[in-house]
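Here is the naming used below: chain letters follow the sequence lines, and residue numbers restart at 1 for every chain. Note: hydrogens, waters and symmetry copies are ignored here, and every other heavy atom, side chains too, is used.
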Amino acid sequence: MSQAAAKPAENKNEKDMKDIVALCKRRGFIFQASDIYGGINGFWDYGPLGTELKNNLRDYWWKKMVTTPPVGPDGHPVQIVGLDSAIIQNPAVWVASGHVGGFSDPMVDCRETKKRYRADHLIVLIPNDDTPWITSIADDEEFLNARLKKAAKGKSINDYKQKSLIDVDLSDYPKILAPDAKDKGTLTEPKEFNLLFETGIGASEADKTTAYLRGETAQGIFINYKNVVDSSRVKMPFGIAQVGKAFRNEVNPRNFIFRSREFEQMEMEWFCHPEDAPTWFEFWKSERKKFWESIGLSSENILMRDHAADELVFYSKGTCDIEYKYPFTDPDFGELEGIANRGDYDLTQHQEHSKTKLEYLDPERNNEKYLPHVIEPAAGLTRGVLALICEAYTPDPNRPSGVFLNFDPKMAPKKAAILPLMAKDGHPEVAEKLYMELREEFAVDLDIKQNIGKRYARQDEIGTPYCFTIDGQTLEDGTVTARERNTMAQERIALDSVAAYLREKLR
RNA sequence: GCGGGUGUAGUUCAAUGGUAGAACGUCAGCCUUCCAAGCUGAAUAUGCCGGUUCGAUCCCGGUCACCCGCUCCA
């Protein structure tokens, strides 16, 4: 991103995160968690409308994954089953997955340059005299040479012993010259970063054992893979889907709900024969992009970004992020969903650590035994909510509210508002009757108070796509006004066709 | 985690070393046959803790939170 003028939009027609956050609070979408206690960093609460919106996204994802999954390359619908695993699992799960131990890299900061390095990425050149210990980045010969030239005062690489910073005693840190520093002794001691939240199981302090809140829902799926295969009559290839909370002790929560310490994921693990994995990878990339577009994200705000080879985690055979152009990343994009070809890494890990055979016996391949490969479309539910809100936020100086939320009707927290034109003359009675009928099928609002313009404006601000207004004519000929949010256009339709009208619009 | 900024009603802002105003929102009443979000009225705020001071929302320190940049993001 350009350093310079990343400044808030002067133009009122642009989307400004400040305005979006304020609207979210004002209308009950998203609140700072523990608000009345001064908040708590990295946590957010979903208000009445935010909850509806999040549920709508979650339910639609579930429908598209589990209830009505897509048609596969062979022309038949694929098979995906659901799961809801515990947030707390045996801690060994997280050891096997690599979340505990393996990936918790110690970091060091340089007090002088404010840079941060992974301790295991730094090599230290130790001289046999009392000149500074020079550090360099591992596997970066160019950097090393440049560093030697600048700091070694004529010495060559052969005048030094090499050690990883991890193996250097803390008492020697004052001698160390940090990679980009001018003075020695500026490195802080290595800090362990473990993004998993720890908790204790057992009511008595003495008997507590350490456990972890899950850092992703995916592991719950892998450890239930065998249970599902044994109980669900699924056959390769198939998927297991799960929606739920995940927790990460993010170093730096930022950007509203984009990076939170408690968030929700919608993950599906697609198990298939290793040979077919590349085909399914492409299949799910395409399906997932279609999904986000089908709920209103415009394609120009979506970017499919394949990870470069050096960006892939070591076990991944390919990863593609579906990124969204959030207002705070604009003109860049930020992650919304990651689709990864994880190979057989996870099942291998769990097979070894649990000492439980997880191979699949495939009768359709001459009883070949294999560990399935896994394609993982892992979407952020809460990030999806954020993307939906950002996409929907539409300043419009030409309407009383000054802004409206252009939600896809499927996603809108309220599908319609029932509004008696006046709070008398029999209007409220008819409105309430209509409301009672519609609410059986749709999330609808009944609003009787104040003038009609105010009520339309209020509905615009919360993104309600349709308003039905009962007026004097309703009592005479049984028609109501249907008002469409985006165009503010009105048409008269029969009172008894309102449900059908809504049903049609929401398809 | 580092650096910078900010913290006043629900929101957006104003003001002051002698405890604060507005607009919009909210609520109530009135009015209104379709969006000039009408009229009248009401409730609601100086993030938290400490220090200086006769007295702090204002000055100082700490803390918490938010924003921006860097770093990080298995």
Side-chain angles (χ1 to χ4, degrees), chain A residues 1-8 16-19 21-28 31-44 47 94 97-105 107-118 188 191 193-196 215-216 218 248-256 258-261 311-316 319 328 334-335 338 340 345 396 398-402 404 419-425 427 449-461 467-476 480-483 485 488-492:
Chain A
M1 212 186 301
S2 68
Q3 315 284 52
K7 265 311 107 232
D16 186 336
M17 274 318 284
K18 269 193 173 157
D19 299 332
V21 172
L23 175 62
C24 282
K25 177 164 192 188
R26 184 155 41 89
R27 288 303 182 187
F31 308 123
Q32 167 75 50
S34 304
D35 202 5
I36 63 172
Y37 284 93
I40 178 167
N41 186 276
F43 297 88
W44 301 90
W94 302 103
S97 70
H99 289 77
V100 175
F103 298 137
S104 58
D105 308 306
M107 310 289 296
V108 292
D109 290 315
C110 175
R111 293 188 196 91
E112 181 188 320
T113 62
K114 309 300 181 199
K115 292 202 174 192
R116 170 175 289 174
Y117 312 92
R118 270 176 63 170
T188 63
K191 270 171 264 185
F193 284 82
N194 186 349
L195 267 47
L196 284 188
E216 58 180 25
R248 291 181 196 178
N249 245 325
E250 292 290 351
V251 176
N252 192 357
R254 274 290 166 92
N255 291 326
F256 200 29
F258 179 76
R259 175 163 297 123
S260 321
R261 293 192 163 120
E311 194 184 355
L312 293 174
V313 290
F314 67 91
Y315 52 78
S316 177
T319 297
F328 51 83
E335 187 184 353
Y345 174 75
D396 179 3
N398 295 320
R399 66 177 72 205
S401 58
F404 68 106
L419 312 172
L421 184 57
M422 290 185 295
K424 58 177 187 182
D425 295 348
H427 298 180
K449 297 281 181 178
Q450 296 175 322
N451 74 53
I452 192 70
K454 252 182 179 183
R455 286 176 282 163
Y456 283 149
R458 190 154 40 210
Q459 296 299 332
D460 279 349
E461 263 201 340
C467 292
F468 301 106
T469 302
I470 283 78
D471 59 11
Q473 194 182 333
T474 307
L475 304 176
E476 291 163 20
V480 299
T481 303
R483 183 253 194 194
R485 174 196 60 206
M488 298 190 276
Q490 303 186 350
E491 57 178 319
R492 289 203 81 90

Secondary structure string for RNA chain B (Watson-Crick or G-U under 3.5 angstrom, | for other-strand pairs) = (((((((..((((....[..)))).(((((.......)))))....(((((..]....))))))))))))....

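The two residues A/H427 and A/G472 come nearest to each other via the heavy atoms NE2-N, 3.3 Å.
Side-chain atoms of A/R27 stay outside donor-acceptor range of the base of B/G10, with no qualifying N/O pair under 3.5 Å.
At the heavy-atom level, A/I40 lies under 4.0 Å from the strands shown only through sugar-phosphate atoms. Note on A/M17: nothing from the nucleic acid sits closer than 4.0 angstrom, heavy atoms only. Using a 4.0 Å heavy-atom distance criterion, A/F256 is classed as a sugar-phosphate-only contact.
Put simply, A/N255 has a side-chain N or O that comes within less than 4.0 Å of OP1 or OP2 on B/C68. Taking 4.0 angstrom as the limit, A/N41 places a side-chain polar atom (N or O) nearer than this to OP1 or OP2 of B/C66. Of the side-chain N and O atoms in A/K454, one or more sit less than 4.0 angstrom from OP1 or OP2 of B/G38.
When each of A/N398 and A/E335 is assigned the nucleotide of RNA chain B bearing its nearest heavy atom, the one mapping closer to the 5' terminus is A/N398. Residue-to-nucleotide proximity on RNA chain B shows that, of A/G215 and A/D35, the 5′-proximal contact is made by A/D35.
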Listing time: all N or O pairs from protein to nucleotides 40-45 of chain B that are below 3.5 Å?
none

Table of protein N/O atoms under 3.5 Å from nucleotides 32-34 of chain B N/O atoms:
| residue | atom | partner | partner atom | Å |
| --- | --- | --- | --- | --- |
| B/U32 | OP2 | A/K424 | NZ | 3.3 |
| B/U32 | O4 | A/A423 | N | 3.3 |
| B/C34 | O2 | A/Y456 | OH | 2.6 |
| B/C34 | O2 | A/Q490 | OE1 | 3.4 |
| B/C34 | O2 | A/Q490 | NE2 | 2.8 |
| B/C34 | N3 | A/T481 | OG1 | 3.2 |
| B/C34 | N4 | A/D471 | OD2 | 2.8 |
| B/C34 | N4 | A/T481 | OG1 | 2.6 |

